[in-house]
Amino acid sequence: MVSPGLRFPRAWSRFAFALLPLFPLADARGQGGEVAGTMPEDQLPALRAILEAAFERSPLLVEAEFRRAAQEAQVIIADSARLPGVSGQLNYASNDTSISSANSSQSRATGFFYNASVNQALFHWGALKNQAEAARFRLGIEQRKFDVAFRALCVLLRKAYLALIVEKARLHHARESLRLQRAELGVLAERKETGGVSAAVLEGERLRVREAALEAERAEAEFAANRSRFARLAGLAELPEGAVPADIPAPVFSPALAAALTAALLRDGAKGTLDYEIHELAVQEALRRHRIEKVRLLPKFSVGAGVSLENSTDVNGATVNQQGIQRRSVSINAQWNIFDGFATKGATREALASKRFAERTLAARMDEIQRDAQALERSLRLDAEQVEISDIRRGIATEGRKLLADEARLGNVAQGDVDRAQLGILQAEVGTLAARAALLGRWSEFVALAGDDPLFNVLSARHAREK
């Protein structure tokens, strides 16, 4: 039976995006060399290839990249207000004009007519500049959210991959247990034929075997579904059972390194994290919006120039005359919204409230990151202790099986007892794998929160070069 705590989330995309704010990841903090070699992909090389493929093909990152590209377009739109606007019109017309009381007096003008103009914003009290800066801050937020999405995806994939290994071990234990129960059922059926057991006992054992078979089939179906979900999340075509390792090597964990990462995070108040940059950019964007709203009622100045060729009609008595007239103009324009019903006052207050909220959110999030890092460090020490305990239990189970095997060779115990001892070893191995998976998964989350993910640095640098 697959443990509920290790099951892969069914609505994986919704779950993964819900995790994004949980993994605000630190920039390089000088610990990369020490962290290298301690990550799950260092013990499981196949996982590294999966993570690198996910960087290119994961649906979550593709969606984040689309949002970043859309915000890049918004920067161009914001910049356009500071550049000259050029417009023009060209038409070919035939104009006939006559006096209604004297139709014989008629004039016709045929040809091309045009007009062209150029407008340039001159002085808007910094509103256009702040508008462009706000758009760039939003772009910076989206770029960092892409980084956060990738790092969160790495943590999620690492944990899910480790969970699949544990799930495979549980499935192997369930299969072996079912095989042993079926063998014992065969022995029991033979004893029934000789009158050694009653029919009721035999039927009860058959029911237990049937229940065990159902649980094993359910575990196999869940394992296949979880592999499929993992493959979709990583952008893979499939992940066959053979691609999931059967073992997790002993983790490389250093309490001193964990303490150093926590201390580095606490020293600067988590200001070296991507999460800090995101919230700080949000504060700056809110500040620019407040400055824009403050000048809404001030006069805005612009300059313009135009040239045109127009048809002009003159009437003198009973005579009509048409001719083309060329105009040239240069102007300085002022637009002044003097009163807008206190709309500007409301917009300014709303922008100021947004700025204060962004500042409050920044402070609260930094405090939360520091508390989370300390809590994770304490949990890692407990996980390391659990790994040691599980290794001892597996050693005890292995030694116990050896003693039973020796007794079985001497004829003192039945072979069935040895087989059941082997199941005990498998159960102990499941516990060991679960403990190692918990430690490596939490270490990956901790490094993402307070340290420097080596894989992310390599892939993000490559991504920057490609862009």
Side-chain angles (χ1 to χ4, degrees), residues 1-9 12 35-55 57-58 153-177 179 216 219-253 380 383-384 386-391 393-395 397-398 422-445 447-448 453-455 458-459:
M1 182 67 180
V2 179
S3 172
L6 293 173
R7 288 180 180 170
F8 201 85
W12 57 265
V35 171
T38 66
M39 305 302 290
E41 61 271 17
D42 296 320
Q43 276 74 37
L44 302 165
L47 176 58
R48 181 181 298 275
I50 292 175
L51 294 175
E52 292 178 354
F55 184 78
R57 298 194 292 266
S58 173
L153 178 65
C154 284
V155 174
L156 181 60
L157 288 177
R158 286 161 175 158
K159 287 187 172 184
Y161 192 74
L162 294 168
L164 286 175
I165 297 175
V166 177
E167 191 174 349
K168 181 177 181 179
R170 292 184 186 277
L171 180 59
H172 178 59
H173 175 267
R175 289 168 176 168
E176 288 298 311
S177 177
R179 182 188 63 79
E220 289 186 5
E222 189 69 19
F223 185 46
N226 288 341
R227 295 200 316 273
S228 178
R229 296 183 187 110
F230 180 88
R232 290 199 301 271
L233 181 60
L236 304 175
E238 62 177 350
L239 183 70
E241 181 176 343
V244 179
D247 188 26
I248 300 175
V252 180
F253 173 68
L380 281 168
D383 289 338
Q386 185 63 49
V387 168
E388 292 184 8
I389 293 174
S390 64
D391 287 339
R393 288 196 174 277
R394 185 173 65 170
T398 302
Q422 181 64 32
L423 285 180
I425 293 177
L426 293 179
Q427 184 64 39
E429 287 180 349
V430 170
T432 298
L433 292 179
R436 291 179 177 180
L439 176 58
L440 283 172
R442 206 183 308 274
W443 173 249
S444 173
E445 180 181 348
V447 170
D453 193 323
L455 179 66
V458 172
L459 293 182

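Values below: every heavy atom of this structure, side chains too, minus hydrogens, waters and symmetry copies.
- A distance-only check finds a donor-acceptor pair linking the side chain of D42 to the backbone of M39 [under 3.5 Å].
- Within the model, atoms CD of Q43 and CG of L162 stand 9.5 Å from one another, a figure rounded to the nearest 0.5 Å.
- The structure places CZ of F230 at 5.0 Å from CG of L157, a figure rounded to the nearest 0.5 Å.
- In this structure, E220 and L171 approach most closely via the heavy-atom pair CG-CD1, 3.3 Å.
- Annotation: side chain of V166 is not in contact with side chain of R436 (no heavy-atom distance under 4.5 Å).
- Within the model, atoms CD of E41 and CD of E52 stand 9.0 Å from one another, a figure rounded to the nearest 0.5 Å.
- Side chains of R394 and S390: a donor-acceptor N/O pair is absent below 3.5 angstrom, by distance only.
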Item to check | Test log, rule side-chain contact (heavy atoms from CB on, under 4.5 Å), inputs R393 and T432 | outcome: CA-CA 8 Å; R393 288 196 174 277; T432 298; over 6 Å; no
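- To the nearest 0.5 Å, the span separating CZ on R170 from CD on E429 amounts to 13.0 Å.
- Of the possible donor and acceptor atoms, one in the side chain of S58 sits under 3.5 Å from a partner among the backbone N and O of L233.
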Checklist entry - Given I425 and Q422, is the side-chain contact (heavy atoms from CB on, under 4.5 Å) satisfied, shown in steps? => result CA-CA 5 Å; I425 293 177; Q422 181 64 32; 3.8 Å; yes
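- For D383 against A438, the heavy-atom pair with the smallest separation is OD2-O, 3.8 Å.
- E176 places a side-chain heavy atom less than 4.5 Å from the side chain of L423.
- Nearest heavy atoms, I165 versus L44: CD1-CD1, 3.8 Å.
- Taking CD1 of I248 as the reference point, atom OH of Y161 lies at 9.5 Å (rounded to 0.5 Å).
- Cation-pi contact between R227 and F223: present, with separation from the ring centre below 6.0 Å and deviation from the ring axis of at most 45°.
- With a 6.0 Å radius and a threshold of 12 heavy atoms from other residues, nucleotides or ligands, R175 has its CZ atom above the threshold.
- A salt bridge between D247 and K168 is absent, with no side-chain N of the basic residue lying under 4.0 Å from a carboxylate O of the acidic one.
- Of all non-hydrogen atoms in L433 and A169, the two that sit nearest each other are CD1-CB, 3.5 Å.
- Under 4.0 Å is where a charged nitrogen must lie from a carboxylate oxygen, and between R442 and E445 no such pair does.
- Between the CG atom of L380 and the CZ atom of F253 there is a distance of 4.5 Å, given to the nearest 0.5 Å.
- Of all heavy-atom pairs spanning A234 and I50, the tightest one is CB-CG2, 3.9 Å.
- For L47 against P40, the heavy-atom pair with the smallest separation is CD2-CB, 3.8 Å.
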